[in-house]
K.L.:
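Structure provided below as structure tokens; questions to follow.
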Amino acid sequence: MTKRIAVLPGDGVGIEVVDEAVKLLNLLNELDPELKFEFDHFDWSSEYYLKHGKMMPDNALDVLKEYDAILFGAIGDKRVPDDVTVWELIMPIRKNFNQYINLRPVKLLKGVASPLARDAPIDFVIVRENAEGEYSNSGGRLYPSTEEEIAIQNTVITRKGTGKAAKFAFDYAAKYGKKSVTSATKSNAIIHSMKLWDDAVNEVAAQYPSIELDSYYIDALAAYFVSRPHDFEVVVASNLFGDILSDLGSAVVGGLGLSPSANLNPDGEFPSMFEPVHGSAPDIAGQGIANPIAQIWSAALMLNHLGREDLGEVVVAAIEDVLTKGEVRTPDLGGQSTTSEMGSAIREAVQKQLVKEG
Ligand code: NAI
Ligand code: MG
């Protein structure tokens, strides 16, 4: 299978960790005769913005549309306002390509001690509604720069959009033999939009009688992520709630350096995009010490999406193998290894496993 991949490293550590993910995919290319990736790199980033006054060229979406998937690092640079980088690059891709699901695994990998130091396995996914919700550009400011200034930011919850996210969550639960789906809500206080969220989720849940639906208010759920994270299997949440929960989930399993994500267009009409949960990490960018695991695992999610779950599993097993041995660890995991040492160790483990399976 030949798959064309658009690579957007972005800014900061994005550039450093994407490099390791691409090296790993190239290795798989060599080892697996049926797999053929063709990569095209795009330098759309804050650097590009400083030169051209925009984050991407005007025809960027037309260009990206032709690819099978997008591998994305992270963006963010203190010379460009964060709302510009987000709304001129990430949001147009997610929204125009109808990547209405953001799938974010939260799994305590073998070889990583949870800060919560409990033996029970932590292994769930967050299904974040990715196209509407609180991240809408509907709204505006009235009476600018006066004492009466008002900002209105509308939340857009639709029965259809919520229903599609809930359906994805329940289908995922059914596919992987999970018993429950947890919905993050706040319909006690946010009585219009979150009540529609509840209605739409309940409607979908009724079609899956063998899977239990638990609804929790987001504040309580945040506490449960810490006090009993092993109880969750599939968590479905609105755009903002899902964003916050996934940073929290990632802290529970060892940090942002380990957390992958997939922006999915489940209907397959547009390319999906694979990126770590983390940002451009300006505090450590340029030092070669970012943990590439979140990015490499995101590439494994891309392999799953492209129909090679077997290879996705090999990559995650290789990551766990390196973590369990414990010799190679980046500073966020308490070690002194570099980004490229971690990347090489994972490639070696992948090679060993594939040659063994051979
Ligand atoms: P961040 O995720 O970049 O960093 C948060 C903390 O996690 C920092 O201490 C950082 O050093 C650490 N960290 C992140 N990735 C790591 C890795 N691979 N290995 C080891 N440590 C890692 O979030 P922050 O600081 O809030 O935002 C920085 C910039 O990134 C901002 O400009 C923000 O807008 C942007 N951002 C972009 C995202 C994207 O491109 N999807 C997502 C989140 C933030
Ligand atoms: Mg985030």
Side-chain angles (χ1 to χ4, degrees), residues 7-21 42 44-50 55-56 70-95 99 102-104 106 109 112 115 126 128-130 133-135 237-263 272-299 319 323 328-343 346:
V7 181
L8 275 69
D11 297 322
V13 301
I15 300 164
E16 302 165 42
V17 295
V18 159
D19 189 42
E20 295 302 325
F42 297 93
W44 304 335
S45 60
S46 298
E47 208 61 61
Y48 184 95
Y49 179 89
L50 293 169
M55 291 297 294
M56 312 191 279
I70 303 163
L71 186 66
F72 174 55
I75 44 155
D77 182 307
K78 61 178 186 319
R79 295 169 297 170
V80 181
D82 282 342
D83 59 325
V84 170
T85 49
V86 169
W87 277 97
E88 286 196 15
L89 196 144
I90 300 180
M91 290 299 181
I93 297 175
R94 287 184 184 165
K95 287 179 188 277
Q99 293 167 344
N102 192 199
L103 184 69
R104 300 185 142 182
V106 178
L109 294 170
V112 179
I126 295 172
R128 168 184 171 195
E129 198 294 315
N130 209 28
E134 303 86 347
Y135 293 4
S238 64
N239 212 331
L240 172 67
F241 289 179
D243 195 8
I244 297 172
L245 284 176
S246 52
D247 275 38
L248 180 55
S250 109
V252 167
V253 292
L256 282 168
L258 296 170
S259 295
S261 96
N263 301 277
S272 294
M273 176 163 72
F274 302 83
E275 56 168 328
V277 170
H278 65 71
S280 56
D283 52 338
I284 57 164
Q287 301 175 35
I289 55 165
N291 189 343
I293 289 180
Q295 184 79 57
I296 290 173
W297 192 351
S298 302
I319 292 171
L323 289 169
V328 182
R329 279 179 181 263
T330 42
D332 58 310
L333 298 174
Q336 293 186 328
S337 308
T338 62
T339 308
S340 78
E341 286 165 348
M342 181 61 100
I346 295 169

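These figures come from a predicted structure and were not determined experimentally. Start at 1 and go down the list; that is how both ligands and their atoms are numbered.
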K.L.:
Please answer whether the main-chain N or O of E129 pairs with a side-chain N or O of N102 as donor and acceptor at a distance below 3.5 Å.
P.N.:
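Not at all, since once roles are kept as given, no pair shorter than 3.5 Å links the two residues.
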
K.L.:
If every non-hydrogen atom of S46 is compared with every non-hydrogen atom of T85, which pair is closest and at what distance?
P.N.:
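Heavy atoms only, the tightest pair is OG-CG2, 3.4 Å.
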
K.L.:
Using side-chain hydrogen bond (donor to acceptor under 3.5 Å, both in side chains) as the criterion, list what pairs up with Y135, not counting sequence neighbours.
P.N.:
D243

K.L.:
At distances under 2.8 Å, what protein N, O or S atoms surround the Mg ion (ligand 2)?
P.N.:
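Hits for the Mg ion (ligand 2) below 2.8 Å: D243 OD1.
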
K.L.:
Using only atom types and a distance under 3.5 Å, with no angle test, would you say the side chain of Q295 pairs donor to acceptor with the backbone of P260?
P.N.:
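No, the answer is negative, given that no donor and acceptor are paired below the 3.5 Å cut-off.
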
K.L.:
So does T338 get a backbone contact from the side chain of E341, meaning a donor-acceptor N/O pair under 3.5 Å?
P.N.:
yes

K.L.:
Using a 3.5 Å distance criterion without hydrogens, assess whether the side chain of E134 forms a donor-acceptor pair with backbone atoms of L240.
P.N.:
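Checked: pair present.
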
K.L.:
Kindly write out the residues that satisfy side-chain hydrogen bond (donor to acceptor under 3.5 Å, both in side chains) with T339, not counting sequence neighbours, or none if the list is empty.
P.N.:
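Scan of T339 (side-chain hydrogen bond (donor to acceptor under 3.5 Å, both in side chains), adjacent residues dropped) gives none.
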
K.L.:
Kindly compute the distance separating CG (N263) from CD1 (I90), expressed to the nearest 0.5 Å.
P.N.:
8.5 Å

K.L.:
Just list the N/O pairs, ligand 1 to protein, that are under 3.5 Å apart, with the distance for each.
P.N.:
unit_1: ligand 1; atom_1: 2 (O); unit_2: G279; atom_2: N; d: 2.7
unit_1: ligand 1; atom_1: 3 (O); unit_2: G279; atom_2: N; d: 3.4
unit_1: ligand 1; atom_1: 3 (O); unit_2: S280; atom_2: N; d: 3.3
unit_1: ligand 1; atom_1: 3 (O); unit_2: A281; atom_2: N; d: 2.8
unit_1: ligand 1; atom_1: 9 (O); unit_2: D283; atom_2: OD2; d: 2.9
unit_1: ligand 1; atom_1: 11 (O); unit_2: D283; atom_2: OD1; d: 2.8
unit_1: ligand 1; atom_1: 11 (O); unit_2: D283; atom_2: OD2; d: 3.0
unit_1: ligand 1; atom_1: 15 (N); unit_2: H278; atom_2: ND1; d: 3.4
unit_1: ligand 1; atom_1: 18 (N); unit_2: H278; atom_2: NE2; d: 3.2
unit_1: ligand 1; atom_1: 18 (N); unit_2: N291; atom_2: O; d: 2.9
unit_1: ligand 1; atom_1: 19 (N); unit_2: N291; atom_2: N; d: 2.9
unit_1: ligand 1; atom_1: 30 (O); unit_2: I75; atom_2: O; d: 3.4
unit_1: ligand 1; atom_1: 30 (O); unit_2: S280; atom_2: N; d: 3.1
unit_1: ligand 1; atom_1: 30 (O); unit_2: S280; atom_2: OG; d: 3.4
unit_1: ligand 1; atom_1: 32 (O); unit_2: D82; atom_2: OD1; d: 2.7
unit_1: ligand 1; atom_1: 34 (O); unit_2: D82; atom_2: OD1; d: 3.3
unit_1: ligand 1; atom_1: 34 (O); unit_2: D82; atom_2: OD2; d: 3.3
unit_1: ligand 1; atom_1: 36 (N); unit_2: I75; atom_2: O; d: 3.4
unit_1: ligand 1; atom_1: 40 (O); unit_2: I75; atom_2: N; d: 2.9
unit_1: ligand 1; atom_1: 41 (N); unit_2: E275; atom_2: OE1; d: 3.1

K.L.:
Is it the case that the side chain of S280 and the backbone of G76 share a donor-acceptor pair, with hydrogens and angles ignored and the cut-off at 3.5 Å?
P.N.:
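Yes, S280 side chain to G76 backbone: donor-acceptor pair under 3.5 Å.
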
